[in-house]
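In what follows, residues are counted from 1 in the order of the sequence shown. Just so we're clear, the structure is a prediction, and the values are computed from it rather than from any experiment. For the numbers below, each heavy atom of this structure counts, side chains included, while hydrogens, waters and symmetry mates do not.
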Amino acid sequence: MAFVNGFEQVIAGANATTTAQFILESDSDTNNLAVDYELLDADGIIYSSGVGGPITVTVKANSTVVESVIIVPVPSNIPVNNIGTTYQVRLLLTRDGKRVTSLYSNLLVTSATAVQLGAETIVEQYNSLVQAD
């Protein structure tokens with residue numbers, strides 16, 4: 001079982017940060033664990049990848065909890081539409097380079113120059129003259 005606290009919306013060119021939590025069997029081997037991440041689109045194109053932060057292991061009565069802070073750099077040239085584009089972050093818990101388990105989380109990427117949608121706000125003051133240009 002695995003959980004991710006979820007990513008907040010991020011602007012292209014910034015970093016997205018979260019904490020990944022993997023829950024393993026209580027007798028699981030926790031030696032040489034690492035968390036790898038990949039930022040990918042619906043077609044499987046990978047825009048960013050790397051290794052998560054240091055691993056924290058907590059052994060409980062019925063489980064072993066493995067946590068890692070994940071900082072995903074989002075490229076400034078990643079394709080983004082006017083309302084933002086949803087990408088997927090794949091998190092892989094590995095031991096000695098072999099997959100133990102994985103989890104996925106969505107990430108909404110927006111543009112720093114996004115066009116605001118909808119009508120512009122217009123304010124008229126009561127009892128005042130309105131001049132047209």
What is the minimum heavy-atom distance between [X] and [Y], and which atoms define it?
X: S102; Y: L92; value: CB-CD2, 3.4 Å
X: P73; Y: S48; value: O-OG, 2.9 Å
X: S68; Y: G52; value: OG-C, 3.8 Å

What's the spacing between [X] [atom1] and [Y] [atom2] if we round to 0.5 Å?
X: N81; Y: S111; atom1: CG; atom2: OG; result: 9.5 Å
X: L40; Y: I46; atom1: CG; atom2: CD1; result: 6.0 Å
X: Q21; Y: T56; atom1: CD; atom2: OG1; result: 10.5 Å
X: D36; Y: T94; atom1: CG; atom2: OG1; result: 4.5 Å
X: D96; Y: N32; atom1: CG; atom2: CG; result: 4.5 Å
X: T86; Y: Q9; atom1: OG1; atom2: CD; result: 9.5 Å

For L93, side-chain contact (heavy atoms from CB on, under 4.5 Å) partners two or more places apart: F22, L24, L33, V35, V66, V100, T101
Identify, with sequence neighbours excluded, every residue that meets side-chain contact (heavy atoms from CB on, under 4.5 Å) alongside K60.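 Here the qualifying residues are T58, S63, V65.
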Any link between [X] and [Y] through a network of hydrophobic side chains (Ile, Leu, Val, Met, Phe, Trp, Tyr) touching at under 4.5 Å?
X: V10; Y: I45; result: yes
X: V89; Y: Y47; result: yes
X: L103; Y: V57; result: yes
X: V80; Y: L108; result: no
X: V74; Y: L91; result: yes

Listed by chain and number, what are the salt bridge (charged side-chain N to carboxylate O under 4.0 Å, His left out) partners of D41, not counting sequence neighbours?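 With neighbours one apart ignored, the set is empty.
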Report the residues that fulfil salt bridge (charged side-chain N to carboxylate O under 4.0 Å, His left out) with E67, sequence neighbours left out, ordered by chain and then residue number.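 Testing E67 for salt bridge (charged side-chain N to carboxylate O under 4.0 Å, His left out), a comparison that skips the adjacent residues, returns none.
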In chain order, what residues pass the side-chain hydrogen bond (donor to acceptor under 3.5 Å, both in side chains) check against R90, with sequence neighbours excluded?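 Listed in chain order: E38.
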Using a cut-off of 6.0 Å, state whether more than 12 heavy atoms not belonging to N62 lie near its atom CG. no
Ring pair (Phe, Tyr, Trp, His ring centres under 6.0 Å) partners for Y37, two or more places apart: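 Here no residue qualifies.
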Do L39 and I78 have side-chain heavy atoms sitting under 4.5 Å apart?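 Side-chain contact under 4.5 Å: yes.
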